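Reading through the structure tokens given below for one structure.
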There are 2 protein chains.
Amino acid sequence: MYNDLIPAFQIGGIVAAPKGNMSYRDIKKVVLDRIQNRIWGPDSLLPGEIELAEEFSSTRTTVNRALRELAEEGFLERKRKAGTRVLHSPARKAQFAIPLVRDEITDAGATYRYSLVKREVMPAPSWLTAKLALKPDREVLHLQCMHFADNEPFQLEKRWIIVESVPEVLEADFTASGPNDWLVQKVPFSNLELSFFATKADEDTAGFMDASVGDPIFATQRTTWLRGEPVTHAVLYFTPGYKMTTRL
Amino acid sequence: MYNDLIPAFQIGGIVAAPKGNMSYRDIKKVVLDRIQNRIWGPDSLLPGEIELAEEFSSTRTTVNRALRELAEEGFLERKRKAGTRVLHSPARKAQFAIPLVRDEITDAGATYRYSLVKREVMPAPSWLTAKLALKPDREVLHLQCMHFADNEPFQLEKRWIIVESVPEVLEADFTASGPNDWLVQKVPFSNLELSFFATKADEDTAGFMDASVGDPIFATQRTTWLRGEPVTHAVLYFTPGYKMTTRL
DNA sequence: GAGTGGTCTAGACCACACA
DNA sequence: GTGTGGTCTAGACCACTCG
């Protein structure tokens, strides 16, 4: 039954170490299989690295890498002196790439088109001042942009850029390409907060997207800081029916 | 300006390598800072590992670990023979933990309460048969559960479990604790697909949540396989206003 | 073919956490 | 104190991929 999983190391349904030397990948596979088959059940303590190195006729360095990666992936918990334990509920971690919209669209084989909807220099709205803990009366550049996939509306972007943090932004031309492109080029980012939520299309949004007022809209929100200073805040509204998916 | 970032290695605004030996963490910091300050700009080629090891008076092994991790984090691209390049657009990756609902609630300091709403053994609905590529006429256990935080509705869970894949599930008692707990205990998972999307509350959902019909609802969908066999499919509807957040 | 990263080895010292 | 993982070193061979 498990033969397709780890063919080489499978002996009568029990995971056995092969005779030859094993790579850290091999060791990961064997250890993971033992966890999944409850040979090392939840909360149980694994043998020490030295002992495992002997069993796998490998070195501690190699075993260490295997176990370290399994811990990073959320299967194990490692503590000095206490040893390595199997996590009770595998605290798996989902990983998402955060692509540029353009990449997301072209990677899907569609044609990308960009359009600047609105550009406005204004004092920071109070909610933004509060959210980013800005000093009062900061100036921001507010932009609204549409991103199209094969000429269908794909994403509406509402962005606020703190002028004080990147004064050059006032000179930038956003009619041909979006602020994200510019920011990626110009500002080395250092810190990011990312949120996902659902909202409903208001009249304005519905007008831009191919949507009716009240339609549920999947949206993400990104706030970026550079060395502690807030740089930009963006809300991205996706076309109705958009689904973000990942496998692991 | 950058002094608070890497105080020890900062000399007049230019990143310099210190005299003593550096850990792989130190090397990561220096390399990342050089990327962010465009000393090594987008698409540029980094020196080879040996050269860097000399600069940092370290070894290739240590430099290798630093660069490998920066590549995993989406800053660099590494190829044999071609060398190490700075990625043009930092393909940053967002990581989310995938906690059990209970943990999510108790970690937030709230009291968790569970309630089984519906339990039904039924033939697999056709959409599920199609989605999971089931053989025709499989039997599934369908469950609906509510998860409360401080007695406020937090999440509505609709789950389908393929009986053939885990026959014992028919004997399990889900009145006191949820199917997720049981599955985590019982079934070593091997493969997972995770989706996020927005939907709107129908009458049924609105009745369970503290919501009005038509309210936007943030939802996630999880499908789990065990060694290629579909085990369970779940859709989790969050209370209106729920926002999933991560920092990096 | 040749250069780069990928990985393994054998050994050492260190840092933390538990008793 | 003492045992475990965390990390570094110095050297070696291998594998991929570019020219």
Side-chain angles (χ1 to χ4, degrees), chain A residues 6 8-9 17-32 34-35 40 42-88 91, chain B residues 6 8-9 17-32 34-35 40 42-88 91:
Chain A
I6 310 183
F9 310 145
K19 290 165 192 168
N21 293 0
M22 299 171 73
S23 72
Y24 81 95
R25 289 170 197 277
D26 297 329
I27 296 179
K28 275 181 77 170
K29 279 184 196 149
V30 173
V31 171
L32 186 53
R34 288 186 187 174
I35 294 170
W40 290 327
D43 286 326
S44 65
L45 192 63
L46 267 63
E49 295 186 340
I50 298 175
E51 194 176 331
L52 287 174
E54 282 166 11
E55 180 193 342
F56 297 136
S57 47
S58 176
T59 56
R60 197 166 82 86
T61 315
T62 303
V63 171
N64 179 280
R65 177 161 181 191
L67 296 185
R68 187 188 350 122
E69 292 195 357
L70 285 172
E72 272 168 15
E73 289 163 23
F75 293 102
L76 300 174
E77 184 190 32
R78 318 192 75 205
K79 273 189 202 167
R80 288 161 151 132
K81 169 73 178 178
T84 301
R85 253 171 218 295
V86 178
L87 277 181
H88 180 281
Chain B
I6 311 182
F9 310 145
K19 290 166 192 169
N21 293 0
M22 299 172 74
S23 71
Y24 81 96
R25 288 170 197 276
D26 297 330
I27 296 178
K28 277 180 76 171
K29 278 184 198 151
V30 173
V31 171
L32 186 53
R34 287 186 188 174
I35 294 170
W40 289 326
D43 287 325
S44 65
L45 191 63
L46 267 61
E49 296 186 341
I50 299 175
E51 194 175 333
L52 287 175
E54 282 166 12
E55 180 191 344
F56 297 136
S57 46
S58 175
T59 56
R60 196 167 82 84
T61 313
T62 302
V63 170
N64 180 281
R65 178 161 181 191
L67 296 184
R68 187 187 351 121
E69 292 195 357
L70 284 171
E72 272 168 14
E73 289 163 25
F75 293 102
L76 300 173
E77 184 188 32
R78 316 192 75 202
K79 273 189 203 166
R80 287 162 152 130
K81 169 72 178 179
T84 300
R85 255 173 215 294
V86 178
L87 276 180
H88 180 281

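Chain letters run A, B, ... following the sequence lines, proteins first and then strands; every chain starts at 1. Just so it is clear, the model here is predicted, and its values are computed rather than measured.
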Assigned partner base of dA12(C), Watson-Crick or wobble definition, under 3.5 Å: dT7(D)
Sugar-phosphate, base or nothing in reach of R25(A), heavy atoms under 4.0 Å: sugar-phosphate
Given dC18(D), dG3(D), dC8(C), the nucleotide with the shortest approach to the side chain of S23(A): dC8(C)
Gap between atoms CD and P, on E49(A) and dG5(D) respectively (whole Å): 5 Å
N64(A) versus T61(A), side-chain donor and acceptor atoms under 3.5 Å: no
Distance below 4.0 Å between Y24(B) side-chain N/O and dT7(D) OP1 or OP2: yes
Earlier contact from the 5' end, DNA chain C, for K79(A) and T62(A): T62(A)
Spacing of L45(B) atom CG relative to dG3(C) atom P, expressed in whole Å: 15 Å
Shortest non-hydrogen contact between A53(A) and T59(A), atoms and distance: CB-C, 3.6 Å
Length of the CG-P vector between D26(B) and dG6(D), whole Å: 18 Å
Trace of the side chain to side chain contact (heavy atoms under 4.5 Å, CB included) decision for L76(B) with L87(B): CA-CA 5 Å; L76(B) 300 173; L87(B) 276 180; 5.9 Å; no
Gap between atoms CZ and P, on F56(B) and dA10(D) respectively (whole Å): 17 Å
Candidate nucleotides dA10(C), dT9(D), dG5(D), ranked by approach to the side chain of T61(B) - the nearest: dT9(D)
Atom-pair distance (CZ on R78(A); C1' on dC18(C)), nearest Å: 17 Å
Donor-acceptor pair (no angle test) under 3.5 Å: R80(B) side chain, dA15(D) base: yes
side-chain N/O T84(B) vs dG5(C) OP1/OP2, d < 4.0 Å: yes
side-chain N/O N64(B) vs dT7(C) OP1/OP2, d < 4.0 Å: no
Length of the CZ-C1' vector between R85(A) and dT4(D), whole Å: 12 Å
Donor-acceptor pair (no angle test) under 3.5 Å: R60(B) side chain, dT9(D) base: no
Min side-chain heavy-atom separation F75(A)-V31(A) under 4.5 Å: no
Rounded distance (Å) that lies between atom C1' of dC18(C) and atom CD of E77(A): 14 Å
Distance below 4.0 Å between T59(A) side-chain N/O and dG11(C) OP1 or OP2: no
Chi angles and distances behind the side chain to side chain contact (heavy atoms under 4.5 Å, CB included) call for L46(A), L67(A): CA-CA 10 Å; L46(A) 267 63; L67(A) 296 185; 4.1 Å; yes
For atom CD of E51(B) and atom C1' of dG5(C), their distance in whole Å: 15 Å
